[in-house]
Amino acid sequence: MNSHTFPKYFVASILILFVSAKSLAQSATLTVNQDPKITALLELKKNLEKEREFSDGYTIQLYYGELDKANQTLRKYKGSYGNWPASIEYETPNYKVWAGNFASRIEAERALIEIQKNFSSAFILKPERRK
């Protein structure tokens, strides 16, 4: 083989390799039959995360103490703020009023500035994940 024909054969063999690989490639379509209950479950999970059931985020504690005072604090909070959910959490022997479910510390800080106008002792905490 002379030196002029080798590059031609080399280029031709590379082209043949690519053309044959392309012609042997397979194509397919995939159809997914999804149960409509999956969509409902995903929606339920999203709502639970908003309510802090599965969240790893931050919350703001407004009160810690007796149940009567916790209920008063919760009513006062709900009368002033509708943007963030609030709930009473029980930790023996006291009750806590928690507000908000924030994904990041900065979101919680912004809300805290607003909430401290009416609840001066409010502070941010990161609750332990529930099991």
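Treat the numbers as computed from the prediction; the structure is a model and nothing was measured. Throughout, residue positions are numbered sequentially from 1 according to the sequence presented. Heavy-atom basis, side chains included; hydrogens, waters and symmetry copies ignored.
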Taking the side chain as C-beta and beyond, is there a heavy-atom pair between [X] and [Y] under 4.5 Å?
{"X": "V97", "Y": "F119", "result": "no"}
{"X": "R75", "Y": "N71", "result": "yes"}
{"X": "W84", "Y": "I115", "result": "yes"}

For [X] and [Y], work out which heavy atoms get closest and say how close.
{"X": "Y90", "Y": "N94", "answer": "CD1-O, 3.5 Å"}
{"X": "I60", "Y": "A108", "answer": "CD1-O, 3.8 Å"}
{"X": "S104", "Y": "Y58", "answer": "C-CD1, 3.6 Å"}

| request: For side-chain contact (heavy atoms from CB on, under 4.5 Å), just list the numbers for K78 and L74, CA-CA rounded to whole Å, side-chain angles, deciding distance to a tenth of an Å, and then say yes or no. | output: CA-CA 6 Å; K78 286 186 175 183; L74 183 62; 3.8 Å; yes
| task | Without swapping roles, check the side chain of Q61 against the backbone of K96 for a donor-acceptor pair under 3.5 Å. | result |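 No; zero donor-acceptor contacts below 3.5 Å.
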| query | Sub-3.5 Å donor-acceptor pair from the side chain of T59 to the main-chain atoms of A99, do we have one? | reply |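 Checked: pair present.
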| request: Assess whether atom CD of E66 is packed by more than 12 heavy atoms of other residues, nucleotides or ligands within 6.0 Å. | output: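 At most 12 heavy atoms, drawn from other residues, nucleotides or ligands, come within 6.0 Å of this atom.
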| request: Answer yes or no: are there more than 12 heavy-atom neighbours, outside K69 itself, under 6.0 Å from its atom NZ? | output: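 Counting other residues, nucleotides and ligands, NZ of K69 stays at 12 neighbours or fewer.
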Approximate separation, where rounding is to 0.5 Å, of [X] [atom1] and [Y] [atom2]:
{"X": "Y95", "Y": "D68", "atom1": "OH", "atom2": "CG", "result": "9.5 Å"}
{"X": "I124", "Y": "E107", "atom1": "CD1", "atom2": "CD", "result": "10.5 Å"}
{"X": "R110", "Y": "F102", "atom1": "CZ", "atom2": "CZ", "result": "11.5 Å"}
{"X": "S80", "Y": "K117", "atom1": "OG", "atom2": "NZ", "result": "11.5 Å"}

| request: Report whether Y64 and L62 are members of the same hydrophobic cluster (ILVMFWY, side-chain heavy atoms less than 4.5 Å apart, transitive linking). | output: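 In one cluster with Y64: L62, no.
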| message | Testing the 3.5 Å rule here: is there a donor-acceptor pair between the side chains of S87 and E89? | response |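 Yes - a donor-acceptor pair under 3.5 Å links their side chains.
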| Are K76 and Y81 in a cation-pi setup, meaning NZ or CZ lies under 6.0 angstrom from the ring centre and within 45 degrees of the ring axis? |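 No.
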